[in-house]
Amino acid sequence: MSRISADHLVRAISFVRAMDMARKEQLGEEIFHAQPHLFGSFLVQKRMGVSLEKMEFLLEILFVCFRSMQESGLTWPLITEDDLERQLERYMALVHFGDDLTEGMKRQSTQLYVADHPEKFLIAYVATELTQWLQRVAPEESDKFVMMAAMNMVNCIAFVDL
């Protein structure tokens, strides 16, 4: 069962989209203090060659994820570097599993992944945002880092023990 409901997610998205620059800075500070490793997975993108424009997209994903956590009313533990690493390894194994599948089977595998995910609404939101983003941007090799970071954020939130 999802700990972040559709209502939590909708309120988080609305909140983030209505923020001005000062509020975004404030929320960034909150995330830095409450979940520094999640924030770090955003910051490291620059070293991976991701442009500032593409980092801004990832930051918005992080903002929505964090606000969704807050909207849930639950007390979330610190997501550690070990959590980030473990979930990234898990996700990469899943991605590599799909390398040998046909397009139809990849689509079915993705649908099953979302359907079985502990945070169905959050993973569906991030997957949709990533798909739309990829259609809007000029493709670069570094886009894979943005995608991995976004999916990893959701997986860390989904699989952390409360």
Side-chain angles (χ1 to χ4, degrees), residues 1-92 94-95 113-114 117-137 140-162:
M1 185 174 125
S2 294
R3 300 174 285 195
I4 296 172
S5 71
D7 287 341
H8 298 144
L9 179 60
V10 167
R11 285 195 302 269
I13 293 167
S14 296
F15 180 88
V16 169
R17 289 187 178 159
M19 289 188 315
D20 61 12
M21 187 55 72
R23 184 60 184 111
K24 287 180 181 183
E25 289 175 12
Q26 193 176 40
L27 185 58
E29 284 288 323
E30 283 180 57
I31 297 169
F32 175 75
H33 291 291
Q35 293 293 344
H37 303 295
L38 280 182
F39 195 74
S41 66
F42 153 73
L43 287 177
V44 75
Q45 298 299 309
K46 186 67 179 159
R47 280 194 269 151
M48 308 292 240
V50 176
S51 70
L52 292 177
E53 177 183 82
K54 291 181 178 188
M55 285 180 66
E56 187 176 335
F57 166 77
L58 183 60
L59 184 59
E60 181 143 332
I61 294 285
L62 176 57
F63 283 168
V64 169
C65 288
F66 185 74
R67 276 301 298 180
S68 295
M69 294 165 72
Q70 289 179 320
E71 289 288 342
S72 76
L74 300 170
T75 302
W76 294 82
L78 177 68
I79 293 171
T80 66
E81 286 184 59
D82 288 343
D83 293 329
L84 286 166
E85 186 66 31
R86 185 173 32 260
Q87 291 306 322
L88 184 59
E89 288 174 7
R90 183 175 176 269
Y91 180 68
M92 292 310 298
L94 181 68
V95 168
Y113 179 73
V114 170
H117 200 274
E119 293 299 340
K120 290 174 184 23
F121 303 110
L122 197 56
I123 193 73
Y125 164 76
V126 170
T128 300
E129 288 296 307
L130 284 169
T131 300
Q132 292 172 354
W133 175 73
L134 286 170
Q135 292 169 352
R136 290 190 313 263
V137 299
E140 297 175 314
E141 181 67 21
S142 64
D143 293 349
K144 66 183 177 187
F145 299 121
V146 173
M147 293 170 32
M148 287 187 303
M151 294 301 283
N152 203 38
M153 288 173 187
V154 175
N155 288 334
C156 286
I157 292 166
F159 292 101
V160 71
D161 289 328
L162 295 183

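All values below come from the heavy atoms of this structure, side chains included, with hydrogens, waters and symmetry mates left out. For clarity, every value in this text was computed on a predicted model and none was experimentally measured.
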Working for side chain to side chain contact (heavy atoms under 4.5 Å, CB included), residues Ile79 and Met153
CA-CA 9 Å; Ile79 293 171; Met153 288 173 187; over 6 Å; no
From CA spacing to verdict: side chain to side chain contact (heavy atoms under 4.5 Å, CB included), Glu140, Val50:
CA-CA 9 Å; Glu140 297 175 314; Val50 176; over 6 Å; no
Apply side chain to side chain contact (heavy atoms under 4.5 Å, CB included) to residues Arg23 and Leu27 and explain how you reach the verdict.
CA-CA 6 Å; Arg23 184 60 184 111; Leu27 185 58; 4.0 Å; yes
Determine whether Lys54 and Phe145 satisfy the following criterion, side chain to side chain contact (heavy atoms under 4.5 Å, CB included), listing intermediate values before the conclusion.
CA-CA 10 Å; Lys54 291 181 178 188; Phe145 299 121; over 6 Å; no
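Taken to the nearest 0.5 Å, the CZ atom of Phe57 stands 12.0 Å off from the CG atom of Leu62. Remark: Leu38 CG to Glu81 CD distance equals 11.5 Å, nearest 0.5 Å. Taken from CZ in Arg47 to OG in Ser142, the straight-line distance is 15.0 Å, to the nearest 0.5 Å. Interatomic distance, Phe42 CZ to Glu60 CD, rounded to the nearest 0.5 Å: 11.5 Å. Within the model, atoms CE of Met147 and CG of Asn152 stand 13.0 Å from one another, a figure rounded to the nearest 0.5 Å. To the nearest 0.5 angstrom, Thr75 atom OG1 is 11.5 Å from Gln70 atom CD.
Counting heavy atoms from C-beta on, the side chains of Arg17 and Val64 never come closer than 4.5 Å. Looking at Pro36 and Leu78, their side chains come closer than 4.5 Å, going by heavy atoms from C-beta outward. At least one side-chain heavy atom of Pro77 sits under 4.5 Å from a side-chain heavy atom of Leu162. Under the 4.5 Å side-chain criterion, counting only non-hydrogen atoms from C-beta, Trp133 is in contact with Val146. No side-chain heavy atom of Arg11 sits less than 4.5 Å from a side-chain heavy atom of Ser14. Contact annotation: the side chain of Ile13 approaches that of Tyr125 to within less than 4.5 Å [non-hydrogen atoms, C-beta and beyond]. Put simply, the side chain of Ile4 does not reach to within 4.5 Å of the side chain of Phe121, judged on heavy atoms. For the pair Phe63 and Ile31, the minimum side-chain heavy-atom distance is below 4.5 Å.
Side-chain N or O atoms of Trp76 include one that pairs as donor or acceptor with a backbone N or O of Met69 at under 3.5 Å. Remark: the backbone N or O of Asp83 is paired with a side-chain donor or acceptor of Thr80 at under 3.5 angstrom. In terms of modelled atom types and a separation under 3.5 Å, the side chain of Gln45 and the main chain of Ser41 share a donor-acceptor contact. The backbone N or O of Leu9 lies less than 3.5 Å from no partner atom in the side chain of Glu71, so there is not a single donor-acceptor pair. Looking at Ser72, its side chain never comes within 3.5 Å of a backbone N or O of Arg3 through a donor-acceptor pair.
For the pair Arg90 and Phe159, the cation-pi criterion (under 6.0 Å, within 45° of the ring axis) is fulfilled.
Residues satisfying the ring pair (Phe, Tyr, Trp, His ring centres under 6.0 Å) criterion with Phe15, sequence neighbours excluded, are absent altogether. When the salt bridge (Lys or Arg N to Asp or Glu O under 4.0 Å) test is applied to Lys120, no partner is found at least two apart in sequence or on another chain.
Using cut-offs of 30° and 60° on the angle between ring planes, the pair Tyr91 and Tyr113 is tilted.
The two residues Ile61 and Glu129 have their closest heavy-atom pair at CD1-CB, 3.8 Å. Summarising the geometry of Ala158 relative to Pro118, their closest heavy-atom pair is O-CB, 3.9 Å, with the distance given to 0.1 Å.
When each of Gln87, His117, Glu119 is tested with Asn155 by the rule side chain to side chain donor-acceptor pair (under 3.5 Å), just one qualifies, namely His117.
Using a cut-off of 4.0 Å between Lys/Arg side-chain N and Asp/Glu carboxylate O, Lys24 and Glu56 are scored as not salt-bridged.
A donor-acceptor pair shorter than 3.5 Å cannot be found between the side chains of Glu30 and Gln35.
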